[in-house]
Protein chains: 2
Amino acid sequence: MTTRIQRRNRRKILDAALDVFSAQGFRGATLDQIAAVAGLSKPNLLYYFDSKETMHRALLDNLLDVWLAPLHALDPQGDPTAEIMGYMRRKLEMSRDYPRESRLFANEVLQGAPRLSDAIAGDLKALVDDKAAVIRGWSAAGRLAPVDPYHLIFSIWALTQHYADFDAQIRLIRGETDPLDGADAFLETLFTRLLTP
Amino acid sequence: MTTRIQRRNRRKILDAALDVFSAQGFRGATLDQIAAVAGLSKPNLLYYFDSKETMHRALLDNLLDVWLAPLHALDPQGDPTAEIMGYMRRKLEMSRDYPRESRLFANEVLQGAPRLSDAIAGDLKALVDDKAAVIRGWSAAGRLAPVDPYHLIFSIWALTQHYADFDAQIRLIRGETDPLDGADAFLETLFTRLLTP
DNA sequence: GTCTATAGTCTGATAGAC
DNA sequence: GTCTATCAGACTATAGAC
């Protein structure tokens, strides 16, 4: 039996954990920091989650569905250029709306994906292989410029996630300007020129 | 007076430290790991470097010169497209030849650039502002397609560093294929199409 | 210069009162 | 359910023999 208070506390803890894990990585984060952000005591955190590891796992499990959704939505029946541009736009929106999730993911992969290799080699690889075949078909039919579908997908990841993951650097270089200001127009031009047959 | 043995040991330690810091981040790394990789005892590490922090600093200081060199080499007198393509190629080579350095840098920036903000807001910003002005001039003169110079530079960083920083993910998706296989041809096409007036 | 031993601190997790 | 107190292990750094 789960009460309303329990659900609320679990959510508060996971939100604080996302704050800290995404900013410090798994080993860099401490339960003290998470407890402080959540406004709860350290033992209280461990009443809701068995361990630091469990907390982190819960975040990654939540993350993966959200992370795969935009690519999942790429429709083989749609217009090729419009579908890929739409995918790019959705990924850029995710960098704007969920920068912490992007950095949580980046921290993991950067450190060799120790807790994500199963998910990446499983669900993510299957999804990418599937959509890569669709894109290859579009190119072969002349409906899209000939491009390597894997590098195309990687380039969308790299360009959109960069704005969340390297936010600190971009801010220091651009000063007052919002890091994402002009990014959509730039990426729109970049991919339109690449994809038009 | 610095002996040959001292120089050799310092180099061995820094190489081991780069291995571990780039793979685990600053807090994730331990002196035990670095000592094991270097083949020295933990107190011996601290004979050559005052602290873990000092070791990390030494790596970052070395890194910055190497990191800025490719953009520094972008020549205002050269052919616009050739200069930018050359810069992109040099950055991609750095991802191939110095992936650990790329990940060391990525780890730092991802965690808010706590130890790099001065260098980024100083030397790096000055260099980027300088080269951005050059690129803007080229576009205004019609020698290059009109592009936002900052986003152009960010896109080169994002696309080239992605192959080093997200290497684990790319390997899991591509299997046997070398992550960088086909990357040069893809990026060549992408930027040629973007930059041609 | 390099080692073993260890001091002192931080951190994840548990015990037990309320 | 939530807290204070605390344990056990890991970690950075130092002391001191050789």
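Because the structure is predicted, anything quoted here is derived from the model rather than measured. Each chain gets a letter, A, B and so on, in the order the sequences are listed, and its residues count up from 1.
Of the residues in residues 35-48 of chain B, B:Lys42, B:Pro43, B:Leu46 come within less than 4.0 Å of DNA chain D through at least one heavy atom, sorted by number. Residues from residues 17-26 of chain A that place a heavy atom under 4.0 Å from any atom of DNA chain D: there are none.
A side-chain donor from one of A:Tyr163 and B:His151 sits under 3.5 Å from a side-chain acceptor of the other. Checking A:Asn107 against B:Gln111 by side-chain atom types alone, a donor-acceptor pair falls below 3.5 Å. Between the side chains of A:Thr192 and A:Thr189, no donor N or O sits under 3.5 Å from an acceptor N or O.
The number of heavy-atom neighbours closer than 6.0 Å to OH of B:Tyr98, taken from other residues, nucleotides and ligands shown, is 12 or below. Within a 6.0 Å radius of CG in B:Asp50, other residues, nucleotides and ligands contribute 12 heavy atoms or fewer.
Taking atom CG on A:Asn9 and atom P on D:dG1, their separation rounds to 9 Å, with Å as the unit. Between the C1' atom of C:dG1 and the CZ atom of B:Phe49 lies a distance of 15 Å, rounded to the nearest Å. Distance, B:Glu53 CD to D:dT12 P: 12 Å, rounded to whole Å. D:dG1 atom C1' lies 16 Å from atom CZ of A:Arg7, rounded to whole Å. Between the C1' atom of C:dG1 and the CZ atom of B:Arg10 lies a distance of 15 Å, rounded to the nearest Å. Summarising the geometry, the separation between NE2 on B:His56 and P on D:dT12 is reported as 13 Å, rounded to the nearest angstrom. Atom CD1 of A:Ile13 is separated from atom P of C:dG12 by 15 Å (rounded to the nearest Å). We find that CZ of A:Arg8 is positioned 14 Å from C1' of D:dT2, with the value rounded to whole Å.
Across all strands shown, B:Thr3 has heavy atoms under 4.0 Å from sugar-phosphate atoms exclusively, and none from any base.
Looking only at distances, no side-chain donor or acceptor of A:Glu108 sits under 3.5 Å from a matching main-chain atom of A:Ala113. Remark: side-chain polar atoms of B:Arg193 are paired, donor with acceptor, to backbone N or O of A:Thr196 under 3.5 angstrom. A donor-acceptor contact shorter than 3.5 Å links the side chain of A:Gln6 to the backbone of A:Thr3.
If you find the closest nucleotide of DNA chain C to B:Arg27 and to B:Gln6, the one lying nearer the 5' end belongs to B:Gln6.
A:Phe21 does not carry A:Arg27 over the face of its six-membered ring by the limits of under 6.0 Å from the centre and within 45° of the normal.
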